[in-house]
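First the structure, in the form of structure tokens, and then the observations on it.
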Amino acid sequence: PPPPWLAEAVAAARKRREPRSDDAREMLARWEAAGKRMSIQDLGWAMQAVARLEVADSVLPKASQRFLLEQVVVANGRWTPVALSRCFFGLRSWRGADLDRLLEALSPNVDLVSGPFTPIQISMMLTGISRCKAGEPLHGVLSAIARRIDECTDSFTGQEISHSLSGIRRSDDCEHSRRLLAALVPKIEACEKPFLANQVSGAFYALRRMSDSPESLRAMTALTAKLVGCQQPLNGQALGNVLYGLHNFSDSPELRGVFAALVPRIAEVPSEGGSSFKPHELGMAMMGLNGCAQDCAEAVAIVSALVPHAQHGEAGSYLPNHMHMVFSGLRRLGGGDGTRGIVAAMTPHVGRIAGDLPRSTLGLMRDTCRHLEGAEAKALMDEIKVPLRKMEMQNMLGLKRRGHDEDLPEGWTAHLHEDRVFYHHPEHGSRWSRPGVDLPDGWMAHFDELGRPYYHHPEYGSRWELPAPDAA
């Protein structure tokens, strides 16, 4: 048990709806005044207590922060699963270089602790590292915790699964994060109690940096079963989180399975009221369709289900980043009724922020309109024609700066189409290859994003060097 005075301080803090920073300060001040090294057990209690107050640098004086940091770094003793899991949980309240230093100090102990970790201890550790940046030592911790999950024979709850998956939120899609997913999938599959809506939402959202690895797809399939079995309604925020977590995945049977399960869930959400989709939630939902094309019937059905929510969106509250997410998901889904409905609903909002839209978003809107015919495409293009023209002028200036217009034969000019350079002559028409450069049959000249020329042949591939007349 903790020291009596510490237990009293922690209990008092937990009773309050909003714990006071004085609680954590008092605890650490007593240790500092004593001038003694904190025990492993005391470190666990202190780190957990500070974490419950959210951000260490907002509740602790600098001296107390340094004291607690150094105590963790120089800790010398036999770590237990309880103390280590509490210290890891405490990482969620630290930032920057201090967080990196704490993680580096704690990481080796995951493999050194004797005895198994319980599901709640595992989920506490993974919750604690959810704000750690990708790279070492995060990668090593993920693999070490995965081994501990393999050893754990206890059943995980939905909350423990959701919290555990949060450990990969900021990790890149690497062998270590995939190793953790592989360890968690059997625990997801074995979880018999239905997941709550926030647990489903959090679990899918944690996949946002994953892609089409076998481990990720298996995790997606296991979570889809929990989505189907969830007995609570999912609101706009939850559905937006679920879909956004899928935005790096390409079309697959597993992805289509999630979409099919989501369509009736979206239909259950009232198109007006507090549970509907806010602008950023609609953007996140649409972004989740980023990897699909118009032949994905399930993705098209998602778009159609979202139309009523787009039509009742909050006027004047759409921002450029919301539009970027909406049209990222829409651009490859064809010209069906759902696409037309979303475009028609977004057009008035686009008109209000057209001058603030970045080049990339304007390009997505233009690409979407290429799949449409009729009033919806025309109305959207009318709203963005001025910034599009400005973008084209900037492109031409960029071409001149990069030298594409220099040394062209008389009458030829350089232009851009979808960020690809082509050349035009009033009499000879347009061509992709640079005029005045004689290339063997089948070869064409192109330029990369830095303006460097390279040459491509559909059979022989690409090269930087000018191909010889007999190049093969």
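The OH atom of Y318 sits 5.0 Å away from atom NE2 of H349, with the distance rounded to the nearest 0.5 Å. The distance from atom CD of Q199 to atom CG of L196, rounded to the nearest 0.5 Å, is 4.0 Å.
Using a 4.5 Å heavy-atom cutoff, the side chains of Q121 and R86 are not in contact. Considering only heavy atoms from C-beta on, C152 stays 4.5 Å or farther from T118 through its side chain. The shortest side-chain heavy-atom distance between H163 and L126 does not fall under the 4.5 Å cut-off. Taking 4.5 Å as the limit, every side-chain heavy atom of F88 sits out of range of all side-chain heavy atoms of T127. Inter-residue side-chain proximity for F156 and C191 is flagged as unmet; no heavy-atom pair is nearer than 4.5 Å. Using a 4.5 Å cut-off on side-chain heavy atoms (C-beta onward), F327 and L380 make contact.
A salt bridge does not link D172 with R209: none of the charged nitrogens is closer than 4.0 Å to a carboxylate oxygen. No salt bridge links K187 with D150; every basic N to acidic carboxylate O contact stays at or beyond 4.0 Å. Salt-bridge annotation for R148 and E151: present, with a side-chain N of the basic residue lying under 4.0 Å from a carboxylate O of the acidic one.
A cation-pi arrangement is absent between R131 and W94, since the terminal nitrogen or guanidinium carbon is not both under 6.0 Å from the aromatic centre and inside a 45° cone about the axis.
When the shell of 6.0 Å around CD1 of I120 is examined, it contains 12 or fewer heavy atoms from other residues, nucleotides or ligands.
In this structure a side-chain-to-backbone donor-acceptor pair under 3.5 Å is missing from S177 to S171.
In this pair, H280 and H322 present their aromatic rings tilted. The plane angle is within the 30 to 60° band.
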Set out, in order, the CA-CA distance, both residues' side-chain angles and the distance that settles salt bridge (charged side-chain N to carboxylate O under 4.0 Å, His left out) for D367 and R332, then state yes or no.
CA-CA 8 Å; D367 292 346; R332 298 175 55 215; over 6 Å; no
